[in-house]
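Protein chains get the first letters and strands the later ones, always in sequence-line order, with residue 1 at the start of each. Note that the structure is a prediction, hence the values are computed from the model and not measured.
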Amino acid sequence: MALIEIHDLHAAVHGKPILRGVSLSIAPGEVHAIMGPNGAGKSTLSNIIAGRPDYEITGGSITYENRDLLALAPEERAAAGIFLAFQYPVEIPGVTTTTFLKAALNAQRKARGEGEVDVMQFLKLIREKTQQLGVSDDMLKRPLNVGFSGGEKKRTEVLQMAVLEPRFAVLDETDSGLDIDALKIVAGGVNALRSATRAFLVITHYQRLLDSIIPDYVHVLAGGRIVRSGTRELALELEATGYAPFGQGSAP
Amino acid sequence: MAADAPYADPFKAVAEQKYKYGFVTDIEADRAPMGLNEDIIRFISHKKNEPSWLLEWRLKAYRLWLTLEEPHHWARLDYPVIDYQGYCYYAAPRRRGDGPNSLEEVDPKLLETYKKLGIPLKEQEILAGVTEGIAVDAVFDSVSVATTYKKKLEAMGVIFCPMSEAVQNHPDLVQTYLGSVVPYSDNFFATLNSAVFTDGSFVYVPKGVRCPMELSTYFRINEKNTGQFERTLIIADAGASVSYLEGCTAPQRDENQLHAAVVELVAFDDAEIKYSTVQNWYPGDEEGRGGIYNFVTKRGACRGRNSRISWTQVETGSAITWKYPSCILQGDNSSGAFYSVAITNHRQQADTGTKMIHIGRNTRSRIVAKGIAAGRSNSTYRGLVRVLPRASGAHNHTQCDSLLIGDRCGAHTVPYIEARHPAVRLEHEATTSKISEEQLFYCRQRGLSDEEAVALIVNGFCREVMQNLPMEFAVEAQKLIGISLEGSVG
């Protein structure tokens, strides 16, 4: 059974239609990749899943764990296990990465009726995860994303994912702006989280990331619709042909 | 669209302000007749069994006050002319017998009140492992109702008692220092306070003694139409050090209550005074009805060489805040600091800042002011840095940051800088920012509610100031920031 079921989703921003009937079904344990040219609606889709305001849903539905996802506030979605790794992580001056992450974890635990973790438990948890991801103690003590390099920001996103242990994670162009080493670290973090109960939606412009995070399915989003679906071979094919056959955009 | 809630405008100020300290204690009170005249001042002085010099001082202040005009021009505050005859200038919970000499004799209703407020009045209620404890002086309307840990402090020579008791037991110290930093003629509200002040705390730390625990006073206005005019005096003799914290709350009432306090600090050679305030007077409702008018004069004199005074304030309450805790840096190498967080929401108005007066050589001052405005409120930083001709090598660094929540509030920065010596360094930095939709959404995606997100972001914004609070109170103050911004988003 699907973990998340997107059905004929239509959405607009400031009255301009962006998504024109997207349908997608993702089962636990699966990794789906969405590729497509700029402006195809890839980020719109990830933002709508996470509940960002300013998007107008003009039709269709999203069902997550048998619940109407679109009826939930962003924080309720987070507590239900939805995580978005942001394309442009936001700076929070004066709030250290540790403080932020502890507040987030406890807010989610509280919403789920679980007990809050105390400082000692939290530090133990975060230490385990940082070692896996090569995040330095220094980064944990600095205000979240303030003065972080592109690579540091993306690693911190993956660290947050590792600590919050979502059931469904969306990675919105997490590979953009990363050099090959940073990409490997980020991909390693994602792969370490892959499990039979967790699903991922990896949004990318380039097939490069999919060499490290091997997807079960690949979809091409163009003009607000999924125009083609396939397996990993589709990504390799796209690398050769570009997005031109889908009517817009240029080859990567 | 499936539901409005998740997409609602996050900056729409709708929810009601929840002021959890708004309850009233039902207790019989001794009250002076309403209004103000010389008989009322004699009544207060008589109630407190004061020496004649103090009564004369009060009357002198009162007669001067009659000639002064309520200030309405320079501060960015809009409030009606106050009817001073509409207040009661003395209210005390009626005493059982001769009044409490120990906690066992304090009216249980009062103990219950402070328990509800989270103020430890029982000496065994020590915060685990942080310090040895916190000595508390609790002022209820016009009088002090309990002071804890007095005996323990006395053993070290530290005097910590209600001002009215200090007048009886340490008249020389009081006569020497009262009005020596803020003279009775200082300004309209300080002059009023000098005439009618009722209680407050008195602290004396003798030479070379480091006060072993936090001293704290808890002010509570309970009675209706009552003004609270406390007067606090703290003296740190040579080489002494003390950390003092005051907290304030009041019941929720539709009328505006008046609070006009004076605080004087004196630090001698190598002495240090750290004064922290968490001000949470009732701020009024979302339409601006009710709330405390808070007109406060606070000033510290660094009289000795290498003396240090720091003011840390977290101002979240009051309908009107008019307050400029200042330092007179007279001793060579003395230093002053002002760390401030001022939060206004709904219709609150705050005009607050500091004055750093550099008189001695190589004096240093640091100002960090964080103003947060939400709703339809206005928050103003007003600060003076003045360097006098003898103050060679003076150094000031000022940092003023404003954070706006929503688009109907205002933040204003009004610095005054006067340098009369060429060899000084004065630096001023200022920023204004808004909490962005992106920050809010990012936090909510990680599981924080709107209000939790705002509280976290604002606490981050205030971090530099909050770090200066005594550890025991930092956590409370952080929570208070969240509470005072409730209803600012939603």
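In this structure, the side chain of B/Gln445 engages the main chain of A/Ile82 through a donor-acceptor pair within 3.5 Å.
Heavy-atom neighbours of A/Phe148 CZ from other residues, nucleotides or ligands within 6.0 Å: above the threshold of 12. When the shell of 6.0 Å around CZ of A/Arg67 is examined, it contains 12 or fewer heavy atoms from other residues, nucleotides or ligands.
With a threshold of 4.5 angstrom between heavy atoms, B/Phe461 approaches chain A through N, CA, C or O but not through any side-chain atom. The parts of B/Arg446 that come within reach of chain A are both its backbone and its side chain, each placing non-hydrogen atoms under 4.5 angstrom from that chain. Looking at A/Thr96, only its side chain comes within 4.5 Å of chain B, counting heavy atoms on both sides. Heavy-atom distances place the side chain of A/Leu164, and not its backbone, under 4.5 Å from chain B. Neither the backbone nor the side chain of A/Glu76 comes within contact range of chain B; no heavy atoms are under 4.5 Å apart. For A/Ala103, the parts lying under 4.5 angstrom from a heavy atom of chain B are both the backbone and the side chain.
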For this session: Any chance you could lay out the side-chain contact (heavy atoms from CB on, under 4.5 Å) test for B/Ile457 and A/Ile92, step after step, and finish with the verdict?
Result: CA-CA 7 Å; B/Ile457 292 167; A/Ile92 318 255; 4.1 Å; yes

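Closest non-hydrogen pair, B/Gly447 versus A/Ala107, comes out as O-CB, 3.3 Å. Counting all heavy atoms, side chain and backbone alike, A/Pro89 lies closest to B/Tyr442 at CA-CE1, 4.0 Å. Contact detail for A/Thr99 and B/Leu456: the closest heavy-atom pair is CG2-CD1, 4.3 Å.
For the pair B/Gln439/A/Pro93, a side-chain contact is recorded, criterion being any heavy-atom separation below 4.5 Å from C-beta on. Side-chain contact between A/Arg52 and B/Arg444 is absent, with no heavy atoms from C-beta onward closer than 4.5 Å. Side-chain contact check for A/Val90 versus B/Phe441: every heavy-atom pair is 4.5 Å or farther apart.
Going from atom OG of B/Ser436 over to atom CD of A/Glu91 covers 10.0 Å, rounded to the nearest 0.5 Å.
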